Amino acid sequence: MDSKYFIAFDLGATSGRTILGTLTGDKLTLEEVTRFPNQMLQLNGHFYWNIFSLYENLKKGLTAVAQKKVPVTSIGIDTWGVDFAFVNEEGALIGLPYAYRDPQTIGKKEEFFEKVMSADELYGKTGIQHMDFNSIFQLYTLKQRKDFGLAHASRLLFMPDVLSYLLTGKMVTEYTIASTSQLLNPETRKLDEKLLEVLGVSKSLFADMVEPGAKIGMLTEDLCEELQIESVPVIAVAGHDTASAVAAVPAANKNFAYLSSGTWSLMGIETDGPVVNEKTTHYNITNEGGVDGTIRLLKNITGMWIVEQCLKKWHKEGTDYTYPQMVELAQAARPFACFINPDDPGFTNPQDMPKAICEYCARTGQNAPQTHGEFIRVIFESLALKYREVLDVFRELSVNPIEKLHIIGGGSRNKLLNQFTSNAIGLPVVAGPSEASSIGNIMLQAKAAGVVSTLQEMRNVISVNVEPDYFSPADAEVWNEAYQKYISIIKK
């Protein structure tokens with residue numbers, strides 16, 4: 001039986017990977033070929049992405065795969081959402097793209113609502129949740145600042161699209177990544193021209209929109225000569241990593257919710273079309289593009305970012321923990337000692353995350369954590385309770401019964417948090433695959449190659465290749481009581 005080989009470049013906000021996927025019949029295997037850091041650059045009070053370093057790491061990944069001497073069918077790239085780069089008339093990148101955690105957009109959302117368009121009108125046009133760093137508010141800010149890049153740009157390319165451009169010389173706007181921008185009409189699946197008009201941005205700034213599965217182009221001759229590799233097609237997969245991850249949910253039917261768990265936690269349901277009404281407006285629910293015409297009705301939740309930043313601070317102080325050590329510390333700490341709202345603005349990008357947690361506790365009349373184990377347990381418990389808060393909203397919105405929660409992404413390996421989550425929501429949790437974005441990326445390439453035809457066929461293949469962990473809810477009364485305390489705290 002012939003094997004097909006696919007390269008997935010899966011880039012998150014903290015690291016990137018080159019994954020070689022091999023599909024032989026229904027058997028899918030993954031090999032991590034390279035892994036590289038993706039760190040925000042802090043320069044003169046701003047935060048940027050080092051796009052040139054990312055491109056160099058893609059080249060290293062291509063070289064490493066070439067050494068394996070396998071016939072690669074295609075390449076796909078997925079990244080985080082909302083951020084973008086500018087390209088000038090000569091086709092050169094203009095500077096470094098801003099990172100979504102850059103402080104320049106703080107307060108600009110509210111200013112936009114006051115001076116340009118109301119929050120309800122903007123949501124009605126896009127169905128996208130209002131977040132400070134959405135592309136629309138980044139563009140609004142850059143326009144005000146008379147930003148050099150925007151002023152001299154011939155094209156705006158979202159992150160996976162700029163990387164595919166560097167590989168192929170071809171410019172596209174992939175639908176799922178563009179849907180994170182808050183510039184698209186969810187019904188027409190096209191850019192909203194009224195929004196571009198009020199921003200003072202020309203529609204010509206954007207390349208043609210393509211759907212997941214479209215061929216972008218071939219690796220350039222110059223690149224192939226430089227690396228001494230064969231040219232292969234680059235496919236527009238679901239460029240938003242969460243869209244690729246949700247496509248990899250091993251579900252047999254529609255009676256589920258999903259939680260893509262990583263630096264961010266994205267919880268939601270899959271729908272056949274956009275849902276924009278009073279409830280979604282009230283709860284600030286987002287309608288992002290999915291595969292095969294689906295909509296990812298979801299909400300962003302600050303995820304493992306808070307733990308990651310605590311670990312970063314403790315590392316600077318000379319203390320490092322393995323994951324088992326971290327879990328052991330959390331298990332030994334007193335349960336429900338205090339609660340935090342993971343989405344509180346104070347946790348967006350503080351210099352000192354443990355200090356930010358202590359300040360939140362002081363502000364809400366709680367005793368702050370003292371030990372590292374207590375900090376970790378407070379974060380895990382609060383995340384689980386946040387998941388219940390958000391899942392209750394999707395229970396209201398879903399036309400299908402939600403019978404289980406599929407947790408995918410790197411956070412699906414966190415068995416302690418998975419059990420806490422099952423306890424908090426009172427539903428079974430199915431955890432895995434952890435490499436969901438890469439698997440979705442690869443299977444969308446397989447779909448483009450004609451190996452599978454539909455999203456459900458993709459999921460059928462995935463389901464026979466992953467062995468998820470299962471968690472059943474326990475201690476319902478204790479967790480219900482904790483939830484009521486959590487709600488009372490976050491409303492202060």
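Quick caveat, the model's predicted, so the values are computed rather than measured.
When atom types are taken as modelled, the side chain of D344 and the backbone of I340 share no donor-acceptor pair closer than 3.5 angstrom. Put simply, the side chain of Y123 gets close to the backbone of I285: a donor and an acceptor are under 3.5 Å apart. A donor-acceptor pair under 3.5 Å is absent between the side-chain atoms of D78 and the main chain of S244, judged by distance alone. Between the T176 side chain and the H240 main chain, a donor and an acceptor come within less than 3.5 Å of each other. The backbone N or O of S437 sits nowhere less than 3.5 Å from a side-chain atom of N441 that would complete a donor-acceptor pair. Without hydrogens or angle criteria, S265 side chain to S261 main chain gives no donor-acceptor distance under 3.5 Å. Of the possible donor and acceptor atoms, none in the side chain of S398 sits under 3.5 Å from a partner among the backbone N and O of R395. Using modelled atom types, no side-chain atom of R296 and backbone atom of T286 make a donor-acceptor pair closer than 3.5 Å. Under the 3.5 Å distance criterion, the side-chain polar atoms of N287 are left unmatched by any main-chain donor or acceptor of V276. A donor-acceptor pair under 3.5 Å is formed between the side chain of S179 and the backbone N or O of G289.
The existence of a salt bridge linking K447 and D292 is confirmed by a sub-4.0 Å separation between a basic side-chain nitrogen and an acidic carboxylate oxygen. The pair E270-K254 fails the salt-bridge criterion, with no side-chain N (NZ, NE, NH1 or NH2) lying under 4.0 Å from an Asp/Glu carboxylate O.
Counting heavy atoms from C-beta outward, I462 and V249 have side chains that stay 4.5 Å or more apart. By the 4.5 Å heavy-atom criterion applied to side chains, L11 and L54 are counted as neighbours. At least one side-chain heavy atom of L417 sits less than 4.5 Å from a side-chain heavy atom of T421. Inter-residue side-chain proximity for V162 and L93 is flagged as met; some heavy-atom pair is nearer than 4.5 Å. Here the side chains of E56 and F36 are not in contact, with every heavy-atom distance at 4.5 Å or above.
Checked against T271 for a side chain to side chain contact (heavy atoms under 4.5 Å, CB included), the options T294, L297, L397, N400 give a single hit: L297. For the side chain to side chain donor-acceptor pair (under 3.5 Å) test with S74, the passing option among K4, K215, Q445 is Q445; the others fail. Applying side chain to side chain donor-acceptor pair (under 3.5 Å) to R17 and the options T34, N57, D10 leaves one that passes, D10.
Residue-environment remark: CG (D272) stays at or below the threshold of 12 foreign heavy atoms within 6.0 Å. Within a 6.0 Å radius of CG in D208, other residues, nucleotides and ligands contribute 12 heavy atoms or fewer. In the displayed structure, E31 atom CD is contacted under 6.0 Å by more than 12 heavy atoms of other residues, nucleotides or ligands. With a 6.0 Å radius and a threshold of 12 heavy atoms from other residues, nucleotides or ligands, K190 has its NZ atom at or below the threshold. Environment of OH in Y323: crowded, with over 12 heavy atoms of neighbouring residues, nucleotides or ligands closer than 6.0 Å.
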I would like to know whether N134 and Q138 meet side chain to side chain donor-acceptor pair (under 3.5 Å); could you show each step before the answer? CA-CA 6 Å; N134 286 352; Q138 292 195 43; over 6 Å; no
Step by step, would you call E111 with K108 a salt bridge (Lys or Arg N to Asp or Glu O under 4.0 Å)? CA-CA 5 Å; E111 183 181 314; K108 294 299 181 181; 3.6 Å; yes
Give the C-alpha distance, both sets of side-chain angles, the deciding distance and a yes or no for ring-ring contact (aromatic ring centres under 6.0 Å, His included) between Y360 and F347. CA-CA 9 Å; Y360 180 90; F347 303 134; 5.7 Å; yes
For N50 and Q39: C-alpha separation, side-chain torsions, deciding distance, then whether side chain to side chain donor-acceptor pair (under 3.5 Å) applies. CA-CA 8 Å; N50 191 341; Q39 297 174 329; over 6 Å; no
Test log, rule side chain to side chain contact (heavy atoms under 4.5 Å, CB included), inputs L183 and T126: CA-CA 7 Å; L183 293 168; T126 65; over 6 Å; no
Working for side chain to side chain donor-acceptor pair (under 3.5 Å), residues E308 and T263: CA-CA 8 Å; E308 291 165 1; T263 300; 3.2 Å; yes
Side chain to side chain contact (heavy atoms under 4.5 Å, CB included) between V452 and M443, worked out: CA-CA 8 Å; V452 292; M443 289 307 300; 4.2 Å; yes
Test side chain to side chain contact (heavy atoms under 4.5 Å, CB included) applied to L62 and L167, step by step: CA-CA 11 Å; L62 291 173; L167 293 179; 4.2 Å; yes
Should E396 and K279 be marked as a salt bridge (Lys or Arg N to Asp or Glu O under 4.0 Å) after you check the CA-CA gap, both sets of side-chain angles, and the distance that decides it? CA-CA 9 Å; E396 292 182 40; K279 280 186 179 179; 3.6 Å; yes
Side chain to side chain donor-acceptor pair (under 3.5 Å) for K125 and N185? Distances and angles first, verdict last. CA-CA 6 Å; K125 284 181 172 296; N185 180 308; over 6 Å; no
Could you go through V82 and S135, starting from their C-alpha distance and side-chain angles, then the distance that decides it, and tell me whether this counts as side chain to side chain contact (heavy atoms under 4.5 Å, CB included)? CA-CA 5 Å; V82 307; S135 310; 3.8 Å; yes
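A distance of 11.5 Å separates CD1 in I442 from OG1 in T73, rounded to the nearest 0.5 Å. Separating the CD1 atom in I301 from the CG atom in L298 is a distance of 9.5 Å, to the nearest 0.5 Å. Rounded to the nearest 0.5 Å, atoms CG (L195) and CG (L122) are 6.0 Å apart. Of the inter-residue distances, the one linking E288 atom CD with N300 atom CG reads 6.5 Å to the nearest 0.5 angstrom. Between M131 atom CE and N284 atom CG the span is 8.0 Å, to the nearest 0.5 Å. To the nearest 0.5 Å, atom CD1 of residue I77 and atom CD1 of residue I216 are 6.5 Å apart.
The ring of H152 has its center no closer than 6.0 angstrom to the ring center of F86. Taking the centre of each ring, F113 and H130 come in below the 6.0 Å mark. The aromatic ring centres of F256 and H406 sit less than 6.0 Å apart. The six-membered or imidazole ring of W264 lies near that of F133, with a centre-to-centre distance under 6.0 Å.
Ring orientation note: the planes of Y486 and F339 are nearly perpendicular, at an angle over 60° on the 30°/60° scale. Taking the six-membered ring where the residue is Trp, F112 and F137 present perpendicular rings, their angle passing 60° and hence far from 30°.
In this structure, R388 satisfies the cation-pi test against Y483, with its NZ or CZ atom closer than 6.0 Å to the six-membered ring centre and inside 45 degrees of the ring normal. Cation-pi geometry between R189 and Y175 is met: under 6.0 angstrom from the ring centre, within 45 degrees of the axis.
Under the 3.5 Å distance criterion, with hydrogens and angles disregarded, no donor-acceptor pair is assigned to the side chains of S154 and N88. D83 and W49 share a donor-acceptor pair across their side chains, judged by distance under 3.5 Å alone. Side chains of K386 and N341: a donor-acceptor N/O pair is present below 3.5 angstrom, by distance only.
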